[in-house]
Amino acid sequence: MSATNSKVESEKNLSSVEVTAVPQSSDNAHHVALEDVDEAAAFVAGFKGEITKEMMVLYFVQFTDKTTLGSSAILGIKTDNHLTQGQYNWLGTIFYLAYLVFEWPQSVALQKFPPGKWMACNILVWAVVLCCHAACSSFAGLFVCRMFLGICEGSITAGFLILTSMFYTHAEGTQRVGYWFLMNGTAQIFNGFVSFGVYHINPEIIHPWKIYMIITGGITLVVGICFWFFIPDNPMKARFLTHEEKIIAIERLRGESTGIENKTWKKDQFIEALLDWKSWAFAIYAGSNNVANSLTNMTQLIINSFGFTVGQTALLGCVSGVIEILTIYSSVLVVKKFPNARAYVGACYSIPNIVSGALLIGLPWSAKAGLLVAMYLGGVGTPGFVLSLSWCAASTAGHTKKTTTNAMLLIGYCLGNLLSPQMWEAKYAPRYYIPWGIILGTYVINPIILLGIRYFLNKENKRRDKLFETGQAENEKFVDEQGREIDSTFLDITDVSINDPTYTLLCSTCD
């Protein structure tokens with residue numbers, strides 16, 4: 001990054017300054033206390049420069065750890081802990097139930113405390129708990145460990161969305177979310193090879209699934225320590241940037257209307273998030289989309305039931321990772337070329353999912369190769385959820401509202417994940433017609449929800465454009481008492497204003 005013709009006039013200590021919003025075509029003035037606006041407002045006050053443009057490891061580890069149960073299933077964890085199918089399903093459910101219960105407290109903590117440090121603490125606890133799995137010998141022990149993993153998990157995706165929005169523009173954010181989601185596929189490949197390797201360990205020395213837990217827990221511990229020291233809590237605290245570079249990093253977000261950070265929890269923004277239809281739409285989509293995510297714990301068992309050996313099953317699991325990498329990366333490239341096409345791209349990638357569900361129900365049990373291919377096709381639709389994460393973040397402004405909306409989306413994500421494991425009952429094996437039928441239904445619903453969100457956001461954008469065209473709404477100019485301009489991006493204003501049309505500042509919500 002570089003700056004040309006820039007004159008930095010910002011002050012570090014402006015906590016008592018009052019900001020005056022002066023309408024360009026009005027005599028009315030709005031007064032805003034600086035403590036209520038974005039943390040970046042004071043930091044960049046008065047900056048007039050022109051800017052030129054010039055976390056993946058954690059997400060890799062996070063997904064690796066989250067799927068340890070599924071990978072351990074073929075390595076003997078069910079047998080050694082005397083698990084019934086129902087108990088195994090509950091190990092999948094308790095993870096997301098704990099995630100659900102603690103998602104809101106985690107979101108509040110991410111706003112109240114430095115997000116980078118808070119995430120690092122959760123990662124370190126996660127690592128210790130993961131290693132503790134190796135000491136378990138019963139359902140109760142695994143149940144407690146999985147519960148604590150779910151509690152810690154609540155900070156990860158929400159924290160990633162917050163940090164990504166602090167450093168990247170809307171367009172860049174879509175790509176970055178896609179890039180760190182690529183690590184899910186990479187983790188599947190890693191899991192496959194590690195599972196294949198530890199499978200050859202003599203179980204009389206140590207059970208393969210136990211050494212697998214210790215390996216993944218140890219890697220996570222190292223990453224958690226690195227995360228504490230190297231990931232900044234916001235651009236203003238990035239030690240690898242000079243003071244001017246920090247301003248440049250913030251100024252790149254000028255006009256994005258989503259701000260950087262604000263430690264003040266605002267009740268009005270919280271209520272607005274609950275009353276905003278798009279918050280619920282994204283939450284419902286997340287819930288529906290993640291019903292199929294229960295396959296995380298079932299895929300290895302189902303592939304193994306096709307007649308493949310444990311070693312073959314472990315390696316065949318790598319194929320799903322390759323498919324996920326290719327589909328997410330290709331979808332990011334398409335969205336980069338066609339920025340306003342998130343919904344269309346997500347819907348198109350859902351088509352192979354529908355074909356997958358139909359094949360898994362329609363093919364005879366003897367067609368093992370066809371069933372395997374159908375399962376792989378089910379992984380093609382991952383881009384829809386990935387794009388929805390960045391889309392939700394890009395269409396929401398106001399820090400409290402953003403954290404609330406993220407929490408709602410992830411609560412939907414939790415509900416889909418915690419309910420769906422219960423449908424894999426032993427009585428449905430091996431064809432599992434009921435679970436596959438439910439999953440096929442969600443495959444059909446998902447693209448419809450995406451296209452519906454786009455339709456209504458596009459309608460809202462047209463309404464706002466008309467307000468500006470007819471003069472009913474105007475762009476505002478905000479300055480502090482010393483006359484230095486502060487961009488509306490950093491005033492912690494939400495994307496929706498019930499009473500004042502001049503505050504409809506986020507006009508890029510359409511996909």
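Positions are given from 1 along the sequence.
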One pair to check against side chain to side chain contact (heavy atoms under 4.5 Å, CB included): Asn446 and Tyr349. What are the steps and the verdict? CA-CA 11 Å; Asn446 294 338; Tyr349 276 83; over 6 Å; no

Show your reasoning for whether side chain to side chain contact (heavy atoms under 4.5 Å, CB included) applies to Met408 and Leu274. CA-CA 9 Å; Met408 292 173 67; Leu274 296 180; 4.0 Å; yes

Could you give me the CA-CA distance, side-chain angles and deciding distance for Trp118 and Trp228, then say whether ring pair (Phe, Tyr, Trp, His ring centres under 6.0 Å) is met? CA-CA 9 Å; Trp118 181 257; Trp228 176 278; over 10 Å; no

Show, in sequence, the C-alpha distance, side-chain angles and deciding distance for Lys401 and Asp276, and conclude whether the salt bridge (charged side-chain N to carboxylate O under 4.0 Å, His left out) test is met. CA-CA 10 Å; Lys401 183 177 182 181; Asp276 193 340; 2.8 Å; yes

Worked check of side chain to side chain contact (heavy atoms under 4.5 Å, CB included) between Thr299 and Tyr376: CA-CA 10 Å; Thr299 296; Tyr376 288 146; over 6 Å; no

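Side-chain atoms of Ser356 do not come within 3.5 Å of backbone N or O of Pro352 as any donor-acceptor pair. Judged by distance alone, the side chain of Asn234 and the main-chain N or O of Met166 form no donor-acceptor pair under 3.5 Å. Between the side chain of Ser279 and the backbone N or O of Ala273 there is at least one donor-acceptor pair closer than 3.5 Å. Judged purely by atom type and a 3.5 angstrom limit, Asn81 has no side-chain atom pairing as donor or acceptor with the backbone of Leu83. Looking at Arg431, its side chain does come within 3.5 Å of a backbone N or O of Leu360 through a donor-acceptor pair. The backbone N or O of Leu69 sits nowhere less than 3.5 Å from a side-chain atom of Ser72 that would complete a donor-acceptor pair.
Contact annotation: the side chain of Ser195 approaches that of Leu75 to within less than 4.5 Å [non-hydrogen atoms, C-beta and beyond]. Proximity of Phe456 to Lys278: side-chain heavy atoms (C-beta onward) are nowhere separated by under 4.5 Å. Residues Val108 and Thr403 form no side-chain contact, since every pair of their non-hydrogen atoms from C-beta on lies 4.5 Å or further apart. In this structure the side chain of Tyr212 never reaches within 4.5 angstrom of the side chain of Ile77, judged on heavy atoms. Counting only heavy atoms from C-beta outward, the side chains of Phe160 and Asn406 never approach each other to under 4.5 Å. The closest side-chain heavy-atom distance from Asn353 to Leu377 is not below 4.5 Å.
Of all heavy-atom pairs between Ser390 and Val177, the closest is CB-CG2, 3.9 Å.
Residue Met147 is tested with Leu142, Leu91, Ile94, Val129 for a side-chain contact (heavy atoms from CB on, under 4.5 Å); the sole match is Ile94. The one candidate from Tyr99, Phe282, Tyr285 that meets the ring pair (Phe, Tyr, Trp, His ring centres under 6.0 Å) condition with Tyr413 is Tyr99.
A distance below 6.0 Å separates the ring centres of Trp365 and Phe306. Aromatic ring centres of Trp436 and Tyr428: separated by at least 6.0 Å.
Around the OH atom of Tyr329, the shell of radius 6.0 Å holds no more than 12 heavy atoms that belong to other residues, nucleotides or ligands. Atom CZ of Phe148 is surrounded by 12 or fewer heavy atoms from other residues, nucleotides or ligands within 6.0 Å.
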